[in-house]
Amino acid sequence: MRRLKERSGLTYRQLEEKAAAQGDTLPRSTLANALSGRSLPRPELLAAFVRACGAGDRVTEWTAARHHLTTKAATEPTTEAAPDAPPPPGPGTPSPHPGTRKSLGTALRTAPRPAVLSAAAAAAAVLVVPAVLAIWALTAPAPFGGPAPGAASALPEGPVRIHPLSAPTLCLTDGPVPDGRYDSVVAVQRSCAAVGTQRTTLAPAGGGTYRIQWYRPEMGKGCLAVRTEGPATGLLEPQNDCAGATRLHVETVAGETAALHTADTPAYRFRVVGGRHCVAINAPATTEGTEAVVAPCKATKPQLFRITSAPPRA
């Protein structure tokens, strides 16, 4: 897939626009995940990508190659041990260099080449394990300091604003990473006036969990997903595929940590399903434009938020 993109000479944005002109959906962030090897692309996304690259006459070959890879990866056993995967960086921790691990998506770079697919699939089945462990590190249950988590109570209905307690006059919205290490918009804290036409809702995701969902009339719907690879590791990026976005427990903070704020509304913590990591504002937590990250859960202001009803739009 990487070679096909290189031959097309198109950027991620141009591929997305060309796919849209052909009636396909090809989100830039989802495509970037697939080409980085983070995930195996869905058949419809792969077909849209191939058509956008100008190889529409070979869609059948590409989708057949994908099917062959997934079949082999699911049936061929492996005994190779996978190295331990590091947890995502906390505030102030540098991100690892991208492209250090391969996965099933990487094997698609050489497709369609039926003669070598079996060997590529077997290798991919082994190499995908570190990526799975990296995702597990974000979601695996583990105890953390502070009071026991509690279910959210009296969450506002409809559009909301999420205010970090470390910068209570700001709102969680989209924007660039201040240090420029990633070229897509992510969750950052900005002036609430900068939210503009964006509408934030807490979309139920089953089992008492939620996804943070954003909507802009000019861009459509996007849900926040934790990035687990490359320079964006630990950042929260809006993606069109809300079903694959990160599920969160929205917990009311009680006990000693309640003294960390003086607002009339409760303090909440967004804990990634599994219990180990929470959404936090990176350092400097009081500065406008600072990005949100996931970090080990702690009872600190950068990990606590107020959730208020958004004012009605004119």
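Note that this is a predicted model, so its numbers are computed, not measured.
Counting non-hydrogen atoms of other residues, nucleotides and ligands closer than 6.0 Å to NZ of K221 gives a total of 12 or fewer.
Hydrophobic clustering of Ile, Leu, Val, Met, Phe, Trp and Tyr side chains at less than 4.5 Å, counting indirect connections, unites I212 with L155. Criterion: ILVMFWY side-chain heavy atoms under 4.5 Å apart, direct or through other members. Under it, Y12 and L45 are part of a common hydrophobic cluster. The hydrophobic clustering, which links ILVMFWY residues whose side-chain heavy atoms are closer than 4.5 Å, places L170 and I307 apart. Under the 4.5 Å side-chain heavy-atom criterion for grouping Ile, Leu, Val, Met, Phe, Trp and Tyr, L235 is not connected to V185 through any hydrophobic cluster. Each of W214 and V195 belongs to its own hydrophobic cluster when Ile, Leu, Val, Met, Phe, Trp and Tyr are linked at side-chain heavy-atom distances under 4.5 angstrom.
Side-chain contact between P41 and M1 is present, with at least one heavy-atom pair separated by less than 4.5 Å. Looking at Y268 and I162, their side chains never come closer than 4.5 Å, going by heavy atoms from C-beta outward. At least one side-chain heavy atom of C53 sits less than 4.5 Å from a side-chain heavy atom of L15. Put simply, the side chain of L172 does not reach to within 4.5 Å of the side chain of T200, judged on heavy atoms.
Side-chain contact, Y182 with E237: a donor N or O sits under 3.5 Å from an acceptor N or O.
In this structure, CD on E17 lies 7.0 Å from CD on Q14, to the nearest 0.5 angstrom. Going from atom CD1 of I281 over to atom CD of E291 covers 8.5 Å, rounded to the nearest 0.5 Å. From R190, atom CZ reaches atom CD of E288 across 7.5 Å, with rounding to the nearest 0.5 Å. Atom CZ of F305 is separated from atom SG of C278 by 9.5 Å, given to the nearest 0.5 angstrom. Atom OG1 of T246 and atom CZ of R227 lie 11.0 Å apart (nearest 0.5 Å). Interatomic distance, R51 CZ to R58 CZ, rounded to the nearest 0.5 Å: 15.0 Å.
No donor-acceptor pair closer than 3.5 Å links the side chain of R269 to the backbone N or O of A299. Side-chain N or O atoms of R66 include none that pairs as donor or acceptor with a backbone N or O of L46 at under 3.5 Å. T290 places a side-chain N or O within 3.5 Å of a backbone atom of P284 that can act as its donor or acceptor partner. Between the side chain of D174 and the backbone N or O of V188 there is no donor-acceptor pair closer than 3.5 Å. A side-chain donor-acceptor contact under 3.5 Å links R2 to the backbone of L35. Remark: side-chain polar atoms of K18 are paired, donor with acceptor, to backbone N or O of A52 under 3.5 angstrom. With hydrogens and angles ignored, the 3.5 Å screen pairs no side-chain donor or acceptor of H249 with any backbone N or O of T209. Side chain of Q239 to main chain of D241: a donor-acceptor pair is present (N/O by atom type, distance under 3.5 Å, no hydrogens or angles). Distance alone, capped at 3.5 Å, is enough to place a donor-acceptor pair between the S191 side chain and the A193 backbone. Q303 places a side-chain N or O within 3.5 Å of a backbone atom of P296 that can act as its donor or acceptor partner.
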Query raised in the report: Yes or no on side chain to side chain contact (heavy atoms under 4.5 Å, CB included) for L31 and E16, after CA distance, side-chain angles and deciding distance?
Result: CA-CA 9 Å; L31 179 59; E16 183 180 45; over 6 Å; no
Query - Chi angles and distances behind the side chain to side chain contact (heavy atoms under 4.5 Å, CB included) call for C297, R276 - result: CA-CA 6 Å; C297 295; R276 171 174 289 191; over 6 Å; no
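When all heavy atoms are compared, the tightest approach of R247 to G206 is NH2-O, 3.5 Å. Taking every heavy atom of both residues into account, T60 and T63 meet most closely at O-OG1, 3.1 Å. Smallest separation of non-hydrogen atoms from P238 and V186: CD-CA, 4.2 Å. Residues S166 and T286 come closest through the heavy atom pair O-CG2, 3.3 Å. When all heavy atoms are compared, the tightest approach of C242 to Q213 is SG-OE1, 4.3 Å. Smallest separation of non-hydrogen atoms from Q189 and P164: OE1-CG, 3.4 Å.
Residues satisfying the side-chain contact (heavy atoms from CB on, under 4.5 Å) criterion with L236, sequence neighbours excluded, are A187, L224, V226, V279, A292, V294.
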